[in-house]
Amino acid sequence: MGNFRKLFAVLALLLLSFAANAQYDIDQFFARGRQMLIDGKYASAIENFNILARLDSTLFDAYFFRGIAKYNLGDFIGAEKDFNTSLRLNPIYTPAYHYRAITLSRTGKYDKALKDLAEAVDLRPSYTGLYFSRGVTYFLSQQFEKAVKDFNRFIKAEPRAADAYLNRGACYLYLGDTTKALADYNKAIKINTFDPEGYVRRSRIYAMQENFDEALKDLDTAIELDTLNTFAFFNRALIRYDKQQIQGALEDLNTVLEHEPGNALTLYNRAIIRAQIGDYNNALDDYDRVIAVNPNNVLAYFNRAGVFMEMGRFRDAMDDYSKAINLYPDFAKAYMNRSYAKTQIGQFNSAKKDAQIAQQKIREYQMKTGDSLGRVAFADTTKKYDRLLALDADFAKKDFDNELLQHRDVDIRLKPLFKFNLGSAANMFMALENRWEDKEVEKFVQQMPVPIELSAKKGDSEIERDNYGTMIADILEELRGREAKGEEGSDIARLYFAKAIIDGNDNRYNSALENYTQAIKNEPEQTFYYINRGALQAEMIDFISSMENNVQILTLDNSGAARARVKERSSMNYDYAPAIHDMTKASKLMPTLPFTYYNLGNLYCLSSDLPEAINQYTKALELYPAMAQAYFNRGLVLIYLKDKEKGCIDLSKAGELGVHDAYNVIKKYCIEEEQ
């Protein structure tokens with residue numbers, strides 16, 4: 001991702017030079033949206049470009065700029081879709097080809113990206129920025145010689161662009177020409193003395209040449225320039241380790257982890273050092289966290305098994321060696337070590353069998369040492385696997401995210417249920433991207449004795465607390481008077497309903513439930529009473545479970561898989577059937593109201609009926625295509641069911657419609673690792 005750091009430098013010029021040929025109000029929205037992009041307020045920019053797209057669906061540049069905003073939020077699926085629309089409306093719009101290519105590169109679609117860049121070059125061969133972008137794409141697709149040619153073209157036109165030298169130097173490094181790579185890094189540093197990136201990269205060449213003193217000087221300089229540069233600290237830890245400065249290496253790794261607590265590669269390296277100095281318990285903690293992030297990392301299991309062996313925990317060691325073998329069946333050294341562990345607990349026959357398999361793997365390895373797949377290298381018993389890994393090491397690319405994976409024990413919560421809450425009727429539905437209008441809802445709101453709104457928030461924020469007590473007293477007085485007279489019907493039902501809302505907001509759940517029930521008895525065909533009673537019953541479960549520290553949540557793991565789990569202290573199971581019954585009744589009474597289906601989607605999800613949850617969210621979106629919360633929740637459930645592509649499309653749409661949380665989820669689970 002670092003290679004794209006400054007690809008959008010030209011964006012400011014595009015934004016400032018853009019001239020809209022539309023009406024005054026459209027000009028204003030364009031100006032506002034472009035300024036928000038320049039200021040980095042990407043979510044707000046999307047809202048402006050949404051309005052432009054609704055005002056005039058033929059404004060190709062509105063989709064283009066919205067795509068830029070989505071890209072910067074990590075929503076590559078949404079960005080590509082907007083660039084597609086821009087090009088459909090204007091097939092010769094060069095910037096859209098350019099930035100769609102950048103987006104395609106970020107998702108690993110290098111062939112498609114190169115086609116777009118070729119098209120852009122044909123349209124504007126004098127635009128040198130295209131050669132920089134294509135050079136990056138060639139580099140990412142490991143076509144290093146072609147990348148060098150494009151960087152040469154760019155440097156000829158822009159000889160003072162330090163990033164171009166850094167990128168060309170990286171190409172030379174992969175081509176094995178350290179002399180030219182070093183020369184380019186020197187040039188980049190000379191042009192921009194205050195950029196730590198050049199020093200970090202040059203230090204790697206010095207380290208390869210075992211010139212550790214010069215490498216340390218460069219990394220010290222990088223850290224002086226940027227005291228928060230965790231990559232510099234990470235690399236300095238490697239150099240210090242090579243110089244046997246073990247304590248210094250640990251200090252640098254600790255610094256990285258202070259800023260990035262779940263940085264898997266740093267945890268892995270620290271675990272190795274801790275094990276080597278006999279700090280076994282802390283080493284195990286680090287390996288546990290690495291495996292939680294990347295459960296398919298064979299080296300983590302192998303090395304953790306070594307720690308168990310040192311601690312005399314031979315059965316635990318056997319389990320880890322078995323996991324390593326399951327991941328790579330040719331791992332001869334794991335068979336040998338497991339054989340030894342088995343002898344320690346008296347499993348001699350099984351140990352002998354493991355030793356025989358290991359010898360067979362070694363013979364196979366000796367005949368296949370030229371194998372290009374690399375897997376047979378695990379049969380090389382002369383190789384040491386407890387060395388520190390650098391970001392450019394084979395396993396760093398293969399088993400770790402190049403962007404340094406964060407620990408992904410993340411709780412992703414569904415957007416909450418819709419119900420009627422205290423609030424201002426004048427602000428009804430303002431939280432939604434597009435207003436939902438329904439005469440039945442409006443009529444019901446107007447007839448209520450207190451101001452209410454249909455929303456997914458608890459709130460009474462629109463009501464002054466000084467007037468709150470008076471309002472409650474008035475409702476209670478009128479309700480008692482009508483009860484004393486034995487009144488029935490819709491008027492008293494609305495009073496019960498209002499009282500129930502107030503009770504619910506104050507967590508008086510039993511009283512609220514009783515008042516909703518009374519409202520239904522007096523007006524059994526009123527849809528909205530069932531919606532609120534169903535929502536209240538779900539809230540009661542959430543409240544009780546939270547008090548017991550037994551909270552059901554939707555949790556996504558590091559691989560993008562997900563699971564509904566319970567953080568348990570008790571074994572109590574919660575039944576959402578009554579809430580589902582009320583919400584289903586509401587949907588039958590008013591089949592055109594999307595919020596009941598959305599609520600049912602949530603309730604079925606909490607009940608672990610995920611296919612039905614998707615069906616209900618889909619029904620809601622058919623009735624209300626701009627319902628952002630439904631896209632968000634359906635996207636989470638789809639990812640849960642391992643349909644990541646569709647799930648990420650839904651999350652992209654949710655972000656576009658105003659659910660800013662969607663972009664955090666997209667960044668964690670929708671961005672594929674670069675190969």
Side-chain angles (χ1 to χ4, degrees), residues 1 3-21 30 34 37 49 52-53 57-72 74-158 161 163-164 167-168 171 645 649 652 671-672 674-675:
M1 186 172 179
N3 288 317
F4 288 103
R5 215 159 36 94
K6 296 183 179 178
L7 280 177
F8 286 89
V10 295
L11 176 60
L13 294 176
L14 277 172
L15 296 171
L16 294 172
S17 62
F18 176 77
N21 53 355
F30 261 118
R34 295 197 306 273
L37 280 179
F49 294 124
L52 279 167
S57 60
T58 66
L59 292 173
F60 63 89
D61 21 27
Y63 293 100
F64 169 74
F65 287 127
R66 190 174 72 179
I68 295 288
K70 289 179 180 179
Y71 177 95
N72 280 280
D75 180 11
F76 302 140
I77 292 173
E80 182 184 345
K81 184 178 178 181
D82 276 348
F83 295 141
N84 290 343
T85 303
S86 181
L87 286 168
R88 177 175 56 79
L89 295 170
N90 186 352
I92 60 171
Y93 191 45
T94 307
Y97 283 109
H98 185 188
Y99 290 103
R100 186 172 70 177
I102 293 171
T103 304
L104 290 166
S105 290
R106 286 292 286 120
T107 55
K109 301 173 184 176
Y110 303 124
D111 291 341
K112 290 183 177 180
L114 290 170
K115 286 180 181 178
D116 271 357
L117 288 166
E119 187 73 31
V121 168
D122 286 343
L123 289 169
R124 288 184 62 186
S126 61
Y127 178 31
T128 56
L130 294 170
Y131 298 109
F132 185 99
S133 298
R134 193 166 66 179
V136 171
T137 305
Y138 278 134
F139 175 85
L140 292 172
S141 60
Q142 300 185 27
Q143 300 180 60
F144 302 117
E145 292 179 352
K146 291 181 178 179
V148 167
K149 289 180 181 179
D150 271 345
F151 287 127
N152 287 344
R153 291 179 183 177
F154 181 82
I155 288 170
K156 185 176 181 179
E158 301 285 347
D163 280 356
N167 287 348
R168 190 176 68 177
C171 294
E645 183 177 357
I649 290 172
S652 173
I671 300 176
E672 297 292 337
E674 295 176 9
Q675 300 298 316

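Keep in mind that the numbers below use all heavy atoms, side chains included, and drop hydrogens, waters and symmetry copies. In this text the structure is predicted, and so the values were computed from the model without any measurement.
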Answer yes if the ring centres of Phe76 and Tyr71 are under 6.0 angstrom apart, and no otherwise.
yes
Phe83 and Phe64: aromatic ring centres closer than 6.0 Å?
yes
Correct closest heavy-atom pair for Ile92 and Leu123 would be O-CD1, 3.9 Å
Under the criterion side-chain contact (heavy atoms from CB on, under 4.5 Å), I'd like the reasoning laid out for Arg168 against Asn152: C-alpha separation, chi angles, the key distance, then a yes or no.
CA-CA 8 Å; Arg168 190 176 68 177; Asn152 287 344; 2.7 Å; yes
Using the ring-ring contact (aromatic ring centres under 6.0 Å, His included) criterion, which residues pair with Phe154? Sequence neighbours excluded.
Phe132
Mind listing the closest non-hydrogen atom pair of Ala147 and Cys171 along with its distance?
CB-SG, 3.6 Å
I'd like to check the side-chain hydrogen bond (donor to acceptor under 3.5 Å, both in side chains) partners of Ser141; sequence neighbours left out, ordered by chain and number.
Gln143
Just jot down the side-chain contact (heavy atoms from CB on, under 4.5 Å) partners of Ala69, sequence neighbours excluded, or say none.
Leu37, Tyr42, Ala45, Ile46
Between the side chain of Thr103 and the main-chain N/O of Tyr99, is any donor-acceptor distance below 3.5 Å?
yes
Working to the nearest 0.5 angstrom, can you tell me the gap between Glu145 CD and Tyr138 OH?
12.0 Å
When rounded to the nearest 0.5 angstrom, what is the spacing between OG1 in Thr107 and NZ in Lys112?
8.5 Å
If you round to the nearest 0.5 Å, how far is CD1 of Ile68 from CG of Asp61?
12.0 Å
Are any non-hydrogen side-chain atoms of Phe151 and Val136 less than 4.5 angstrom apart?
yes
Spacing of CG belonging to Asp111 relative to CG belonging to Asp116, to within rounding of 0.5 Å:
11.5 Å
Tyr93 side chain vs Arg88 backbone, donor-acceptor pair below 3.5 Å:
no
Which heavy atom in Leu89 sits nearest to a heavy atom in Ser57, and how many Å separate them?
CD1-O, 3.6 Å
For Ser126, enumerate each residue passing the side-chain hydrogen bond (donor to acceptor under 3.5 Å, both in side chains) test, keeping only those at least two apart in sequence or located in another chain.
none
Which residues pass the side-chain hydrogen bond (donor to acceptor under 3.5 Å, both in side chains) test with Asp75, not counting sequence neighbours?
Ser652
Mind listing the closest non-hydrogen atom pair of Pro125 and Tyr131 along with its distance?
O-OH, 3.1 Å
Is the backbone N or O of Phe139 less than 3.5 Å from a side-chain atom of Tyr110, with the two atoms forming a donor-acceptor pair by type?
no
Taking side-chain contact (heavy atoms from CB on, under 4.5 Å) as the test, write out the residues that go with Asn84, two or more places apart.
Glu80, Arg100
Between atom CG of Leu59 and atom OG1 of Thr85, what is the distance when rounded to the nearest 0.5 Å?
12.5 Å
Check: Lys70 and Arg66 side chains under 4.5 Å, non-hydrogen atoms
yes
With a 4.5 Å cut-off on side-chain heavy atoms, are Tyr97 and Ser86 touching?
no
Residues in side-chain hydrogen bond (donor to acceptor under 3.5 Å, both in side chains) contact with Arg134, at least two apart in sequence or another chain:
Asp150
Heavy-atom nearest pair, Phe49 first then Arg34, reads CZ-N, 3.9 Å
Scanning both residues in full, the closest heavy-atom pair of Ser133 with His98 reads OG-NE2, 2.6 Å
Would you compute the distance between atom CG of Leu87 and atom CD of Glu119 and round it to the nearest 0.5 angstrom?
9.0 Å
